[in-house]
Amino acid sequence: MKINPLFLPLASCFLLLTCSSSFADSCVTATCHPAIGAIKNLHQPVKDGDCSSCHQQKVKEHPLKGGKSFELTAKDAALCSQCHDAKGKKKVVHPPVKEGDCLACHKPHGGSGRYLLDVDENQSELCLGCHDAAPFKREFMHGPVALGACTKCHDPHESAEKALLKGPVRELCLKCHADFAKALNEASVVHPPVKKSPCTSCHDPHGTPTALLLKKKMPDLCVGCHAALGKKLAAVKVPHKPLAQEGSCAGCHATHFAKAKGLLAGDEKTVCLGCHDTDKLGTPPLKNIKKELEGKKYLHGPIQKGGCTACHDPHGSDNFRMLKGNYPAALYEQHKELKDGKEGTYELCLTCHEKNMLRFPETTIYTKFRNGKRNLHYVHVVGKKKGRTCRVCHEPHASDGEKLISKEGMKFGDWHIPLNFSITPTGGSCAPGCHRSLRYDREKPETYKK
């Protein structure tokens, strides 16, 4: 019987398909490779029954006792690239990919998870099989790391970025932190590292022992850049206590961006009164400055302009109440000038006020608080061994009295000493608890017996 030659190609194809199908069917049976059939997510050639796309028979006998009758159609990555696009062409390549070891991560026949992996969304078990686990078991963890979603940030094969990141650090972070990105674009003042450097300058992308994923606790982190401030804080005698408490620098400063200079949340006065608005701040308690300012007719010049740092150093100083210059902590202290050009005991006040006010017992120009030529500032602060500090008469922040003269009187133990001060066009008078009623006049000086 003769066969029509036109049917030969068709018969050959039919025979090949039949053999291939029966070949695959015979691979996964109850007695041969049964585990492959139980895999949840099969490699597509396995699912299609196309074992011969990866395996080829080299010995007729199968199974071959003490040997193998099949071999792979190609070795290592060359086998995978018969179907998949070749990897390893970018700047940074995952070492297993570079070495052609696809099976370091992927299962050849299938896996319990996607992409021929034996992990699902939580990839920790797979990745930590090679990578050190310690950084991923810290107290504070980045959300994706805590869930084991390593490939949310990293490409598992290759990348143009260091550490196999899926994009530049800043862009990568802002893809998730979208609300932050919007606010950042609208901010008028931005922390230079946020503007110019990657987020990883301050934050660890995986985990840290410190809240907010900071690489170090504050202020240690901050003084890594602000070195001069760090040196000062290490030696300062009167530090601002919040710096050593939870929140530290972030108690006053926004760490990323703000509307006010200095990365403050508002003007200086608003920020300071955010804490100094209670009678229970500190031990012993500090004054409630907010209450002290409320409703007062006269404010100290810097406070009137919304500033506190004209007098106080917000980080700390070597002076009483973190003042920027010398000023006595005690109620009584005679003014003494220093030889190094500084203004001495009352350096703080004399930084703004007339520097010659306390230099001359008589003057007609350096103060209006005088009886004729007699300088009454000098009398009170310099001329007596028991010199009175400015705050005996003047309130440092606010008062209802002119010249910040205290209306309530200075606290003297259990007593508020009244001043009963009044001003005239050419002088004034006072009847305080420390001396009898006295008057002074610049043009017609009062005469008193010594």
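Numbers for residues simply follow the sequence, beginning at 1. Every value quoted in this text rests on a predicted model; they were computed, and no experiment measured them.
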Might you confirm whether atom OH of Tyr332 has over 12 heavy atoms from other residues, nucleotides or ligands at distances under 6.0 Å? yes
Over 12 foreign heavy atoms within 6.0 Å of NZ, Lys407: no
Under 3.5 Å donor-acceptor, His43 side chain and Gly110 backbone: no
Check Ser124 against Gly148 and note the closest heavy-atom contact, atom names and distance. OG-CA, 3.3 Å
Examine distances only and state if a side-chain atom of Lys90 and a backbone atom of Glu158 form a donor-acceptor pair shorter than 3.5 Å. no
Which label fits His206 and His154: parallel for a plane angle under 30°, tilted from 30 to 60°, or perpendicular past 60°? parallel
One pair to check against side-chain contact (heavy atoms from CB on, under 4.5 Å): Ile39 and Val46. What are the steps and the verdict? CA-CA 10 Å; Ile39 293 173; Val46 178; over 6 Å; no
Could you state the interatomic distance from CG (Leu358) to NZ (Lys336), rounded to the nearest 0.5 Å? 14.5 Å
Neighbour count above 12 (heavy atom, 6.0 Å) for Lys324 NZ: yes
Would a 4.5 Å heavy-atom cut-off, applied to side chains only, mark Thr151 and Gln123 as touching? yes
Any side-chain heavy atom of Lys368 within less than 4.5 Å of one from Arg442? yes
Are Cys430 and His435 close enough, and set up right, to give a side-chain contact (heavy atoms from CB on, under 4.5 Å), and what steps lead you there? CA-CA 9 Å; Cys430 63; His435 61 69; 3.7 Å; yes
A quick test of your reading: do over 12 heavy atoms of other residues, nucleotides or ligands sit less than 6.0 Å from CD of Glu294? yes
With the side chain counted from C-beta on, respond yes when Asp318 and Val238 share a heavy-atom pair under 4.5 Å apart, and no when they do not. no
Rounded to the nearest 0.5 Å, the CG atom of Asp313 sits from the CZ atom of Arg321 at a distance of 15.5 Å
Rounded to the nearest 0.5 Å, how far does CG of Leu243 lie from CG of Leu229? 7.5 Å
Let me know which of Ser201, Cys202, Cys249 forms a side chain to side chain contact (heavy atoms under 4.5 Å, CB included) with Leu221. Cys202
Does one side chain, of Asn288 or Glu292, offer a donor that lies under 3.5 Å from an acceptor on the other? no
Any side-chain heavy-atom pair from Ser188 and Lys259 closer than 4.5 angstrom? yes
Sidechain-backbone polar pair: Arg370 side chain, Gly372 backbone, donor-acceptor under 3.5 Å: yes
Take Lys175 and Glu171, measure what salt bridge (Lys or Arg N to Asp or Glu O under 4.0 Å) needs, and give me the verdict at the end. CA-CA 6 Å; Lys175 281 185 177 180; Glu171 292 178 18; over 6 Å; no
Within the side chain of Arg138, is there an N or O that forms a donor-acceptor pair under 3.5 Å with the backbone of Gly207? yes
Would you confirm whether Asp120, through its side chain, and Asn122, through its main-chain N or O, come within 3.5 Å as a donor-acceptor pair? no
Do Ser437 side-chain atoms and Ala431 backbone N/O form a donor-acceptor pair below 3.5 Å? no
Sub-4.5 Å side-chain heavy-atom contact between His157 and Val93: no
Between atom CZ of Phe369 and atom CG of Leu376, what is the distance when rounded to the nearest 0.5 Å? 4.5 Å
How about CG on Asn185, more than 12 heavy atoms from neighbouring residues, nucleotides or ligands closer than 6.0 Å, or not? yes
For Lys215, does the NZ atom sit with more than 12 other heavy atoms under 6.0 Å from it, leaving out its own atoms? yes
Working note: Thr73 + Gln82, criterion side chain to side chain donor-acceptor pair (under 3.5 Å); need CA distance, chi angles, decisive distance, verdict. CA-CA 10 Å; Thr73 57; Gln82 290 180 145; 3.3 Å; yes
So, do Glu446 and Arg439 sit near enough that their side-chain heavy atoms are less than 4.5 Å apart? yes
Atom CD of Gln334: over 12 foreign heavy atoms under 6.0 Å: yes
Closest heavy-atom contact between Asn319 and Leu323? ND2-O, 3.0 Å
Main-chain N/O of Thr200 paired with Asp204 side-chain donor or acceptor, under 3.5 Å: no
Looking at Lys166, is its backbone amide N or carbonyl O close enough to the side chain of Asp155 to form a donor-acceptor pair, meaning the two atoms are under 3.5 Å apart? no
Candidate pair Asn326 and Thr345, rule side chain to side chain donor-acceptor pair (under 3.5 Å), full reasoning: CA-CA 6 Å; Asn326 296 330; Thr345 312; over 6 Å; no
Are a donor atom and an acceptor atom from the side chains of Thr309 and Glu268 found within less than 3.5 Å of each other? yes
Just how far is it from atom NE2 of His253 to atom NE2 of His191, taken to the nearest 0.5 Å? 9.5 Å
Can you tell if the side chain of Phe180 reaches within under 4.5 Å of the side chain of Leu174, non-hydrogen atoms only? yes
Is it the case that over 12 heavy atoms from other parts of the model lie below 6.0 angstrom from the NZ atom of Lys216? no
Can you name the closest pair of heavy atoms from Glu333 and Pro328 and give their distance? OE1-CB, 3.4 Å
Determine yes or no for a side-chain-to-main-chain donor-acceptor pair under 3.5 angstrom, with Thr389 supplying the side chain and Leu331 the backbone. yes
Any side-chain heavy atom of Glu354 sitting closer than 4.5 Å to one from Thr367? no
Between Ser406 and Glu395, a side-chain donor and acceptor under 3.5 Å: yes
Polar side chain donor-acceptor pair, Arg359 to Asn356, under 3.5 angstrom: yes
Nearest heavy-atom approach of Tyr298 to Gly401 is CD1-O, 3.2 Å
Ring pair (Phe, Tyr, Trp, His ring centres under 6.0 Å) against Tyr378, all qualifying residues, sequence neighbours excluded: none
Run the salt bridge (Lys or Arg N to Asp or Glu O under 4.0 Å) test on Asp220 and Lys217 for me, step by step, so that the C-alpha distance in whole Å, both residues' side-chain angles and the decisive distance to 0.1 Å come before the verdict. CA-CA 6 Å; Asp220 295 345; Lys217 64 181 179 63; 3.1 Å; yes
Should the ring pair His377 and His394 be called parallel, tilted or perpendicular, given that the plane angle runs from 0 to 90° and is split at 30 and 60? parallel
Do you know the tightest heavy-atom contact between Ala250 and Thr255? CB-CG2, 4.0 Å
Taking Ser422 for the side chain and Gly428 for the main chain, is one N or O donor matched with an acceptor at less than 3.5 Å? no
Can you give me the closest heavy-atom contact between Pro285 and Asp279, atom names plus distance? CB-O, 3.2 Å
Nearest-0.5 Å distance, CG of residue Asp118 to CG of residue Leu126: 9.0 Å
Parallel, tilted or perpendicular, judged at 30° and 60°: which one describes the rings of His397 and His312? parallel
Distance flag, aromatic centroids of Tyr115 and His106, threshold under 6.0 Å: no
Show, in sequence, the C-alpha distance, side-chain angles and deciding distance for Ser429 and Tyr440, and conclude whether the side-chain contact (heavy atoms from CB on, under 4.5 Å) test is met. CA-CA 6 Å; Ser429 65; Tyr440 69 94; 5.9 Å; no
